[in-house]
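Below, all heavy atoms of this structure are taken into account, side chains as well, without hydrogens, waters or symmetry copies. Naming convention: chains lettered A, B, ... in sequence-line order (proteins, then strands); numbering from 1 in each chain.
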Amino acid sequence: MTDTKILAVDDSPTMRRIIVNTLKRAGYTDVIEASDGRDALEKLNTDRINLVITDWNMPQMDGLTLVKALRSSDEFKQLPILMITTRSVREDIVKALKAGVNNYIVKPFSPETLRAKIQEVLGD
Amino acid sequence: MTEKAHSPKTVEDNIVELADSVTSTLEILQVPSPNSSHPHLQTARITSQLDKISSQTEAATQKMLDSIETITGRGREIIEGLKQLAQDSTDGVIPSLGKRVELLIEKTEANNDAVYAIMDMLQFQDIATQQMNHAAAMLEDIEEKLNLIVSFVPEVAGELEVLNTPRKDRSYDPYADQGEKSDKQRDADSIFRKRDQLTEEDRSTPEADSEAAEMQEIIDDFIAESTELITGLNADFVELENSPHNDELLNRIFRAVHTIKGNSSFLDFEQITTVCHETEDLLSPIRKGKQPVSTEIIDAVLKAVDSLQSYLDAARRERDKPSTPEPDEPLVTESNMPEKRTEIAPEPGGLLEAESLFASDPTIRLDVGRLDDLIDLAGELILQRNGLVQLIGKLTKQRDTYSLDRVKHCSDTIDRTVTDLQAALMKIRMQPIGAMFRRYLRLVRDVARKTGKQIRLDITGEETELDKSVIDEISNPLVHIIRNCCDHGIEQPADRIVLGKPATGQISLSAERKGSKIIIRIADDGRGFDVDSIRREALERGLITSEQLLQMPEQELFNFIFKPGFSTVPEVTNLSGRGVGMDVVRAMIERLKGTIELDSQPGRGTAFTIKLPLTQAVMHGLLVEADDDGFLLPLTAVCEAIRISDPRLVEINGQPGIRDGAETIPVYDLSRMLLKDTIGDSISNRTYIVLLALAEKKLGVAVDRCLGDEEAVIRPLGDWLGRREGIAGATVLSDGGIRLVVDVAGLFRMASKQTLPEQNSGDQAGT
């Protein structure tokens with residue numbers, strides 16, 4: 001569990017810090033950050049990542065596009081992805097599931113939810 | 001872990017700064033800036049304020065996170081230290097310390113948890129920041145669109161203010177991102193806001209706070225209300241004569257008279273008060289059952305109502321004198337009031353209460369001119385929207401998907417807004433036709449009294465709504481037709497009895513909506529038109545040859561009624577036949593893009609059917625081209641378009657035509673007919689024939705191309721072009737080009753002029 005490396009993708013530095021802090025409290029100390037989908041793809045190429053936590057709405061490349069890009073590559077086809085977004089409309093959630101996210105968290109989230117979903121996704 | 005110490009001053013500064021910019025933004029949002037006449041400048045200011053708050057909020061949040069990390073970091077250090085201490089104490093240094101240190105560790109951990117709970121809550125702050133960014137982005141969108149519209153139509157830049165005053169009560173779903181959903185909300189909001197503005201703006205005139213203006217408003221209200229009540233009284237008295245024992249009706253009359261009396265005495269209109277008082281005196285024996293309703297009493301009270309009307313007219317003239325003199329409008333009926341304002345109001349009732357003048361009712365009263373301006377603006381927007389649609393077509397060809405998406409989004413929004421705006425505006429213009437219909441009750445009674453006839457007017461479809469301008473325009477033709485029915489249609493009571501008809505003649509007036517048309521029918525059960533005298537008159541006037549006459553179906557004979565100066569009644573009475581003929585009636589109706597038909601059966605009666613389009617402002621048309629000239633054919637008249645190679649196309653005596661069952665529909669060359677005044681040329685070089693219909697007549701026009709349908713706002717042609725028959729006006733299309741709008745009724749007249757004197761080729765050739 002402690003050797004899990006997580007990539008947190010969000011364009012808001014505030015949200016990234018909140019996520020990183022919450023993860024650290026839950027015991028996930030190895031966290032790197034990316035500010036949008038493009039940044040995330042670069043980090044994924046240089047680091048070995050076990051879990052991606054991504055926002056939806058971001059400049060340059062949004063979360064949904066990132067998910068689709070990862071799912072269409074052989075390397076990241078199986079990579080666990082968790083989406084955290086303010087979008088709560090039914091159609092949006094369906095869209096994200098179809099794109100291939102493993103789970104979906106609506107902002108604002110509680111630390112317990114985040115922890116539970118991570119465990120669910122990683123199968124711990 | 002950040003160990004940077006924060007001086008309390010910087011945090012304080014931060015908070016003060018934030019509070020300041022929140023306050024200033026709220027001010028901008030709440031108070032329309034007086035010097036900003038351009039809404040897009042306004043949005044720019046709000047956007048920059050939103051950006052400011054958003055970045056300051058974010059800075060503040062970051063500082064809070066700094067502090068949270070500092071506190072929780074220190075907490076962990078404390079816990080570590082305490083754990084060490086507990087370890088030491090178990091080694092026996094201070095034996096009782098163990099338990100107390102454990103307690104301190106627990107409390108420090110709880111402290112950290114509490115601080116992290118603050119961090120969880122900071123998510124809301126972040127979401128709020130994002131929402132502000134979205135709001136700012138949306139405002140920029142709006143600004144962009146406004147700029148786009150303004151760039152298309154520079155002359156509306158100033159007027160846009162009317163449509164876009166500052167947006168208040170903007171509530172965004174905190175969990176909704178920038179997408180379809182909030183767009184929809186925004187559109188709906190903006191329309192509702194605009195509707196509210198219209199009402200508010202109208203109620204609060206700039207001078208409203210000055211006392212004189214307030215008094216003027218009260219007098220205006222009084223005149224408007226009394227005019228309406230008098231219209232009602234005219235109808236009610238006529239009804240009372242027919243049903244003298246209707247207590248409810250009598251009470252309504254009393255209430256109306258009493259309301260006028262009370263209001264007029266309150267406003268010192270002495271003469272009006274006196275007349276009302278006398279009217280009440282006349283009516284009270286009837287109410288007490290001491291006297292029956294007699295024709296004489298009704299005559300007297302109607303006379304009183306007339307004098308009330310003239311006093312009110314005087315008051316109105318008095319009111320208008322300093323500002324604008326009232327133009328002399330032709331007074332056709334006794335009750336035809338020169339209305340200058342649109343009124344959409346329910347029946348006012350009840351006794352006088354000063355408050356009732358100010359009471360908020362769900363109606364608005366506004367200058368028709370202002371409404372027309374708005375409708376014109378909506379019309380302009382339609383043109384711009386069409387322009388955008390064309391642009392999208394071009395961009396699609398160029399495959400510029402980025403610009404395309406932006407323009408498409410923009411165009412979709414404008415599209416929805418414009419459509420809603422137009423519909424909302426049109427609805428404001430709609431009024432029930434009933435008020436006008438009821439005025440004719442009095443008219444019919446007066447004519448009946450003067451001619452010694454007995455006539456009853458039956459009204460149906462009062463609730464049918466019609467454009468205010470159409471109601472105003474249609475009144476005179478209707479008066480003329482109803483007079484004709486009374487005067488020439490309905491027979492004397494003795495004659496009717498001899499003919500086996502009831503002594504009282506009946507005229508029925510009805511209105512109904514059918515699709516996009518309003519149908520008004522006026523029918524009497526009188527003598528009907530004498531077909532033989534029409535034939536005689538037509539021959540005498542040389543309108544037709546005797547051979548043609550023999551072939552002509554009876555139905556078509558009635559069309560002569562609408563010829564200038566045509567009359568089958570030898571003696572001119574003082575009621576109708578005042579030089580205004582049915583030709584003028586038809587011209588007036590055609591000006592409203594309507595049609596009139598006549599059906600008559602000798603001895604049984606006559607029925608006039610008037611068909612009017614619902615609205616005058618926007619027309620749907622088929623765009624056609626011939627010789628590089630573009631024309632717009634009103635879609636309401638277009639039946640079908642066929643190719644020139646169609647086997648139905650035939651030629652009779654050199655005149656092309658289309659077989660339609662037993663008939664042959666004549667075909668003309670549109671361009672030559674309208675622009676070169678020639679008819680009967682060959683059409684073989686054209687590609688299409690468009691079939692047009694007016695009432696029961698049909699004709700075809702040959703053109704080069706059919707380009708599709710367009711929504712058009714018709715503009716009159718400048719005087720320098722002169723009035724050309726067959727052309728209703730011009731319109732500016734989405735590509736900026738100008739097209740002539742074809743006047744279908746005129747086209748048919750031109751065609752009949754050409755065909756009748758010669759061999760009457762066209763429609764009769766095939767029979």
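Looking only at side-chain heavy atoms (C-beta outward), B:Q130 and A:T86 stay at 4.5 Å or farther from each other. B:M121 is not listed as a side-chain neighbour of A:P108, based on a closest heavy-atom distance of 4.5 Å or more. For the pair B:N112 and A:R25, the minimum side-chain heavy-atom distance is 4.5 Å or more.
No option in B:L122, B:L65, B:D126 other than B:L65 meets the side chain to side chain contact (heavy atoms under 4.5 Å, CB included) test with A:R17.
With a 4.5 angstrom heavy-atom cutoff, A:D11 touches chain B only via side-chain atoms. For B:Q125, no part lies near chain A; criterion is any non-hydrogen pair under 4.5 Å.
Atom CD of A:E112 has more than 12 heavy atoms from other residues, nucleotides or ligands within 6.0 Å.
Between the side chain of B:Q123 and the main chain of A:K107, no donor-acceptor pair closer than 3.5 Å is present.
Distance OG1/B:T61 to CD1/A:I18: 8.0 Å, rounded to 0.5 Å.
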